[in-house]
Amino acid sequence: MQLSFPRQYHLRTKSEFKSIFDKSNRISQKHLLILFKQNQKEYSRLGVIVGKRVAKKAIARNRIRRIVKESFRLNQEKLLGWDIIVIARQQCDTLNKPTLRKGIDDLWQKLQNQYRGCLFQ
RNA sequence: AGAGUUGGCCGAGACAGUCGCUGUUUCAAUUUUUUGAAUCAGAGGAAAGUCCGGGCUCCAUAGGGCGAGAUGCCAGGUAAUGCCUGGGAAGCGAAAGCUUACGGAAAGUGCUACAGAAAAUAAACUACCAGAGAGAUUUGGCAAAGGUGAAAAGGUGCGGUAAGAGCGCACCGCGCAGCUGGUAACAGACGCGGCAUAGUAAACCCCAUCUGGAGCAAGACCAAAUAGGAGCUUAUGGUAAACAGCGUCGUUAUAGCUGGGUUACCCAGUGUGGCCCACACUUAAGCUCGGGUAGGUUGCUUGAGGUAUUUGGUGACAAAUAUCCUAGAUAAAUGACUGUCCACGACAGAACCCGGCUUAUUGGCUGACUCUACCU
């Protein structure tokens, strides 16, 4: 399977985000929070939110966003059929790259374990 | 060699491989449009702060005034500037060089703590000198000496005097007039005046010059659903009259029923309003129209552009010729992993585009100049 992450796999419009915010399940960590919802599609879609309160400098926000996207790209075969929003929490920018990466990977694992049943219904 | 001054350039460190993202071009498939393959391109010197100046877009605008803000030695450069270049003045440094919010204090108002007699309309505390008085003291002259302060009504010297004083003279400073040099700011020498306006305008203020407002979420185009708007068509309350049809033909009276919606009358609510009058509006369905939300397209990158050479200019810069095309995302692309090398990687991410300023920063390369020491 190809591990690509083209434009259609992104969550893009305001209404898409809003529908997930309105009714979704959540898993949280100290530094990250994910909201997710089934989407009746053969692929998953991802949106990343890194607010200015989390990291003041644009380059730090970009760094977090890229690490999350890269992790999603490599793990997407485990996560078919979900719309997911990842929200960075405060002091997320203090983490170095490997720990942040590990944190996200753990979240994917949790999501998979918790809702494995739903996928096969 | 050391110490120092001042310009310029480079800067996701470089190379290779694997996976991934955005766009251009070409080819193939596909109804649009999307997909696939190949190819090329893909953050900065500050992209930052948003502090100035322009372009561009929309709105406003006859002309002028008031107000507000900015700028403030002179000349030049520029699309323009509060920027840059050259020059002047003042200050700092041994020098190279650096710094300067550098118009006006005799238009007016205010402020000048503490100290001091006095901080500016009449200057005078201690002194000094003269007169009066036995004396305490008092009247007058004077601004040299004292002390205070950031600053005390020109400075130094000589003359002069009762004591003194620009009172007089010389030099310095200051002011004024013409002259010379300079485009000018300004400088220079000379002459005259006879000392007058203490400082503060990043205090109000005055003078001169400049400034319309908002910004790419500007603006332009396409445009679903829902609600609302405009127009057209159709349907739509009650009573009476007239009309048409049906119907009855018995008591032969024009009774009753139906239809169209022609005419007249009646009925309620809402809005404007304190109330009356008055005026306007009113229900349903369909079609059409324009505005417009979500969403999409555009603006969007060829430009006061870069590079090289020549010419003009002290320089900022300008002109000519040749040549190059170098990000265009939009919940927002430029990343991850592995290996090798070294200087061991700082500050930091385009969002309409340029010119500046300011701030952040690991380092590297390089030009020019000054001083000190030594050698030749």
Side-chain angles (χ1 to χ4, degrees):
Chain A
M1 153 146 210
Q2 280 199 325
L3 302 175
S4 69
F5 185 49
R7 189 54 58 81
Q8 68 183 92
Y9 287 23
H10 294 223
L11 289 172
R12 300 184 70 184
T13 61
K14 220 176 225 175
S15 54
E16 285 170 353
F17 271 84
K18 209 179 168 198
S19 73
I20 297 170
F21 271 115
D22 284 347
K23 42 172 190 174
S24 62
N25 301 304
R26 310 176 171 224
I27 299 177
S28 69
Q29 251 182 10
K30 195 180 174 191
H31 298 290
L32 293 166
L33 169 71
I34 62 175
L35 313 178
F36 55 96
K37 186 189 160 195
Q38 280 186 289
N39 66 356
Q40 269 85 41
K41 290 186 172 142
E42 295 182 348
Y43 51 84
S44 305
R45 296 187 298 177
L46 176 73
V48 185
I49 299 177
V50 185
K52 273 197 177 171
R53 301 179 72 190
V54 176
K56 258 190 173 178
K57 311 249 176 184
I59 197 155
R61 293 197 295 275
N62 275 349
R63 193 179 67 93
I64 295 168
R65 197 177 295 136
R66 279 170 184 158
I67 292 168
V68 172
K69 278 200 296 199
E70 182 66 13
S71 169
F72 178 82
R73 184 175 76 81
L74 297 173
N75 289 295
Q76 60 182 304
E77 57 185 36
K78 302 181 192 167
L79 301 165
L80 298 176
W82 298 94
D83 281 348
I84 302 171
I85 298 178
V86 178
I87 299 173
R89 293 179 147 177
Q90 286 195 2
Q91 290 164 6
C92 193
D93 59 323
T94 58
L95 298 177
N96 61 11
K97 202 189 290 173
T99 42
L100 184 57
R101 188 68 182 274
K102 190 156 175 294
I104 302 162
D105 291 347
D106 286 351
L107 280 174
W108 302 147
Q109 195 61 46
K110 261 191 200 169
L111 174 61
Q112 201 190 4
N113 293 341
Q114 207 162 336
Y115 291 92
R116 186 181 281 151
C118 302
L119 289 170
F120 298 110
Q121 279 170 5

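Note on naming: letters A, B, ... go to the chains in the order of the sequence lines (proteins, then strands), and numbering restarts at 1 for each one. Because the structure is a prediction, the values reported are computed rather than measured.
Glycosidic conformation at B:G91 (O4'-C1'-N9-C4 for purines, O4'-C1'-N1-C2 for pyrimidines): anti, more than 90° from 0. Glycosidic torsion of B:U326 falls within 90° of 0, placing the base in syn. In this structure, B:U137 shows a glycosidic angle more than 90 degrees from zero, which is the anti conformation. Base orientation of B:G166: syn (glycosidic angle within 90° of 0). Syn is the glycosidic conformation of B:A43, whose angle stays within 90° of 0.
Taking a pair to require two hydrogen-bonding distances under 3.5 Å in either a Watson-Crick or a G-U wobble arrangement, B:U61 remains unpaired. For B:G69, the paired nucleotide is B:C210, the pair qualifying as Watson-Crick or G-U wobble because both relevant distances are below 3.5 Å. Nucleotide B:U283 forms a pair with B:A235, judged by Watson-Crick or G-U wobble geometry with both contacts under 3.5 Å. Across every strand in view, B:U321 sits in a pair with B:A308 that passes the Watson-Crick or G-U test at under 3.5 angstrom. Pair assignment for B:C176: B:G191, on the basis of Watson-Crick or G-U wobble contacts that are both within less than 3.5 Å. Here B:G229 sits opposite B:C289 as a Watson-Crick or G-U wobble pair (both hydrogen-bonding atom distances under 3.5 Å). When both pairing distances are held under 3.5 Å, B:G2 makes a Watson-Crick or G-U pair with B:C371. The partner of B:C111 is B:G199, judged by Watson-Crick or G-U wobble contacts that both fall below 3.5 Å.
With a 4.5 Å cut-off on side-chain heavy atoms, A:Ile84 and A:Trp108 count as touching. Within the 4.5 Å cutoff, side-chain heavy atoms of A:Arg65 are placed close to those of A:Asn62. With contacts defined as side-chain heavy-atom distances shorter than 4.5 Å, the pair A:Gln29/A:Asp106 qualifies.
Here the P atom of nucleotide B:U334 and the CZ atom of A:Arg61 are 15 Å apart, to the nearest Å. As a whole-Å value, the separation of A:Ile59 CD1 from B:U334 C1' is 12 Å. At whole-Å resolution of the value, NZ in A:Lys57 and P in B:A47 are 16 Å apart. Taking atom CD1 of residue A:Ile67 and atom P of nucleotide B:A333, one finds them 14 Å apart after rounding to whole Å. Here the C1' atom of nucleotide B:A336 and the CG atom of A:Leu100 are 13 Å apart, to the nearest Å. Spacing between atom CD of A:Glu70 and atom C1' of B:A336 amounts to 4 Å, rounded to whole angstrom units. Atom CZ in A:Phe72 sits about 13 Å away from atom P in B:C21, given to the nearest Å. Computed from coordinates, the A:Leu74 CG to B:U18 P distance equals 17 Å when rounded to whole Å.
To the nearest whole angstrom, the two P atoms, one in B:U197 and one in B:A153, are 13 Å apart. Look at the P atom in both B:U258 and B:G238: the space between them is 12 Å, to the nearest Å. Taking the P atom of each, B:G363 and B:U78 are spaced 41 Å apart, rounded to whole Å. Rounded to whole Å, the C1' atom of B:G295 lies 12 Å from the corresponding atom of B:A225. With both ends at atom C1', the span from B:C353 to B:C216 equals 11 Å, rounded to whole Å. Spacing between B:A144 and B:C73 at atom P, rounded to whole Å, works out to 40 Å. When the P atom is used for both B:A3 and B:G315, the distance is 34 Å, rounded to whole Å. Using atom C1' as the reference point in both B:A134 and B:C129, the two lie 23 Å apart (nearest Å).
Here CG of A:Leu107 is found 11.0 Å from CG of A:Asn75. Values are rounded to the nearest 0.5 Å. Rounding to the nearest 0.5 Å places CD1 of A:Ile34 at 10.0 Å from CD1 of A:Ile104. Remark: A:Leu33 CG to A:Arg26 CZ distance equals 6.0 Å, nearest 0.5 Å. Distance check, rounded to the nearest 0.5 Å: CD1 of A:Ile85 to CZ of A:Arg45 gives 10.5 Å.
Judged by closest nucleotide on RNA chain B, A:Ile49 is the one of A:Ala58 and A:Ile49 placed further toward the 5' end.
Of the candidate nucleotides B:A332, B:A336, B:G349, B:A332 has the atom nearest to the side chain of A:Arg65. Distances from the side chain of A:Asn62 to the nucleotides B:C19, B:A348, B:A43 place B:A43 closest.
Side-chain atoms of A:Arg66 and base atoms of B:G349 include a donor and an acceptor less than 3.5 Å apart.
Contact between A:Ile64 and A:Ala88 at its shortest, heavy atoms only, is CG2-CB, 4.3 Å.
For B:A333, one of the phosphate oxygens OP1 or OP2 lies less than 4.0 angstrom from a side-chain nitrogen or oxygen of A:Lys69.
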